[in-house]
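Working notes, beginning with the structure itself.
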Amino acid sequence: LLGEGDFSFAAAIEGTTSHLLATSLGTIEDVIAAYDTGGNDDTADRLAVLARKEAVNVIHGIDATALLSAMPVLHKIIRTMTDVLCWMFPFTGVEGDNQGNAQLIKRWFSSVARVLHYEPDSDQPEQQQPGAKRFALPDVAHTDQFEVHVTLCGDQFSRWRVEASA
């Protein structure tokens, strides 16, 4: 899960999968400051519960539009995961900025494509090196399926031209 806000979705599904990686763009301090209400089941408590789960990894500071830069960290974790990648409600922060949000989605799809060709031993992972082992998100090399999900609200799918960006 990329772009978790208050980590409520990760908490809700954590028992339904063999392994879950949930990320946020901001630091843990940013996330708690933005989403913690101080009431029952607040963000800090949710993050503490997720941290104690063996099959859950939470990583902060991951930019979904620049996944390649995070691959040295993510590579060690995602080798044990399945072949589904989900970005939770991508958003520039300006609802009426259809062009900016469309570009955000396009950069994310481009980022995912680069990750699928990541080579952990390469100095330039975005380029194919002769004889280098092709790294793929787990099981992608062994299946014909890789699912990419983007969660959106209302008519964002059409306004942000998601299908054209994919």
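For the single chain, residues carry numbers from 1 onward in sequence order. Model, not experiment: these values are computed from the prediction.
Around CZ of Phe91, the count of heavy atoms belonging to other residues, nucleotides or ligands within 6.0 Å exceeds 12.
The line from CG of Leu152 to CZ of Phe157 is 8.0 Å long, rounded to the nearest 0.5 Å. Note: Leu67 CG to Leu85 CG = 6.5 Å, rounded to the nearest 0.5 Å. Summarising the geometry, atom CG belonging to Asn98 is positioned 4.5 Å from atom CZ belonging to Arg159; distances are rounded to the nearest 0.5 Å. With rounding to the nearest 0.5 angstrom, the CG atom of Leu25 is 11.5 Å from the NE2 atom of His60. The distance from atom CZ of Phe109 to atom CG of Leu104, rounded to the nearest 0.5 Å, is 10.5 Å. Distance check: Phe7 CZ to Asp45 CG gives 14.5 Å after rounding to the nearest 0.5 Å.
Val73 and Leu21 end up in the same hydrophobic cluster when Ile, Leu, Val, Met, Phe, Trp and Tyr side chains are linked at under 4.5 Å. Val49 and Leu47 fall into different hydrophobic clusters, where Ile, Leu, Val, Met, Phe, Trp and Tyr side chains are chained together by heavy-atom contacts under 4.5 Å.
Formation of a donor-acceptor pair under 3.5 Å by the Thr151 side chain with backbone atoms of Phe89 is found in this model. In terms of modelled atom types and a separation under 3.5 Å, the side chain of Thr92 and the main chain of Asn101 share no donor-acceptor contact. In terms of modelled atom types and a separation under 3.5 Å, the side chain of Thr23 and the main chain of Glu4 share no donor-acceptor contact.
Listed by first and then second residue, the salt bridge (Lys or Arg N to Asp or Glu O under 4.0 Å) pairs involving residues 11-25 are Glu14-Lys53 (not counting sequence neighbours).
With no hydrogens or angles considered, a side-chain donor-acceptor pair links Ser110 and Arg114 at under 3.5 Å.
Residues Asp63 and Ser69 have side chains not in contact (no heavy-atom distance under 4.5 Å, counting atoms from C-beta outward).
Trp87 and Trp108 have tilted rings, their planes meeting at an angle from 30° to 60° on a 0 to 90° scale.
The nearest pair of heavy atoms linking Ser8 to Asp6 is OG-OD1, 2.7 Å.
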